[in-house]
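Proteins come first, then strands; the chains are lettered A, B, ... in the order of their sequence lines, and each starts at number 1. Remember, it's a predicted structure, so these values are computed and weren't measured experimentally.
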Amino acid sequence: NAGVMQNPRHLVRRRGQEARLRCSPMKGHSHVYWYRQLPEEGLKFMVYLQKENIIDESGMPKERFSAEFPKEGPSILRIQQVVRGDSAAYFCASSSQAGEKLFFGSGTQLSVL
Amino acid sequence: KQEVTQIPAALSVPEGENLVLNCSFTDSAIYNLQWFRQDPGKGLTSLLLIQSSQREQTSGRLNASLDKSSGRSTLYIAASQPGDSATYLCAVMGTGDKFYFGSGTKLNVKP
């Protein structure tokens, strides 16, 4: 049973470009969470999704950021017109039900030049 | 809004010591609390999950306790080993089904 898969592992973008981060949850998991981590800091909640629905996006900037979790395929975190301040590690986690153990992917390290 | 604080921010101990990591949270209306381990450049690994109705959970050399009314949890590591060196993160789940994380305790166990 594969764990949570995130790709790419590292992503380099120039200012103004788009970044697309992918997350395939564990098999059987329908709850997906995205978190952002800056160096030497804890994880900051961004968005919580279930299949085809955004449940809570209160941690996501209103502009340039969007997330989806389609019926088929991975969850996507999309950042448009990236800026240097978007450089961070982005982690995806999944669970089988709300309140159950969270399983994390290895993260995507986004670097904006 | 839930605030999670972890003390100390960093800890360095000789191998073999027993140690305690602390986590406090401001809103006691939580559903559960989870302790994670993070190695440099890696994702998080779940160590222990305590439901709000539970007082503690144990796994091997690890024991986590929860005092919901006072907003505290501790992670006890017995007979520490160099392989325990990592950052330990505490996360609480409140309303809205999302976890709030502390900033972590960076542990270094010296051989």
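At a 4.5 Å heavy-atom cutoff, the contact between B:Leu44 and chain A is made by backbone and side-chain atoms alike. Looking at B:Gln6, neither its backbone nor its side chain comes within 4.5 Å of chain A, counting heavy atoms on both sides. Only the side chain of A:Ser58 comes within less than 4.5 Å of a heavy atom in chain B; its backbone stays farther off. The contact between A:Tyr35 and chain B is made entirely by side chain atoms (from C-beta outward), counting heavy-atom distances below 4.5 Å. Looking at A:Gln37, only its side chain comes within 4.5 Å of chain B, counting heavy atoms on both sides.
In this structure, A:Arg13 does not pair ionically with A:Asp86, as no charged nitrogen and carboxylate oxygen lie closer than 4.0 Å.
Side-chain contact between B:Glu17 and B:Ser80 is present, with at least one heavy-atom pair separated by less than 4.5 Å. Looking only at side-chain heavy atoms (C-beta outward), B:Pro82 and B:Glu15 come within less than 4.5 Å of each other. Contact of the A:Arg64 side chain with the A:Val83 side chain is registered, since non-hydrogen atoms from C-beta on lie closer than 4.5 Å.
Between chain A and the residues B:Tyr100, B:Phe99, B:Tyr31, the largest count of heavy-atom pairs under 4.5 Å involves B:Phe99. Ranked by non-hydrogen atom pairs under 4.5 Å with chain A, the options B:Ala9, B:Gly104, B:Ser46 are led by B:Ser46.
If you take CG on B:Leu107 and OG on B:Ser12, they are separated by 8.0 Å, rounding to the nearest 0.5 Å.
Note on ring orientation: taking the six-membered ring where Trp is involved, the planes of A:Tyr90 and A:Phe65 are tilted (angle from 30° to 60°).
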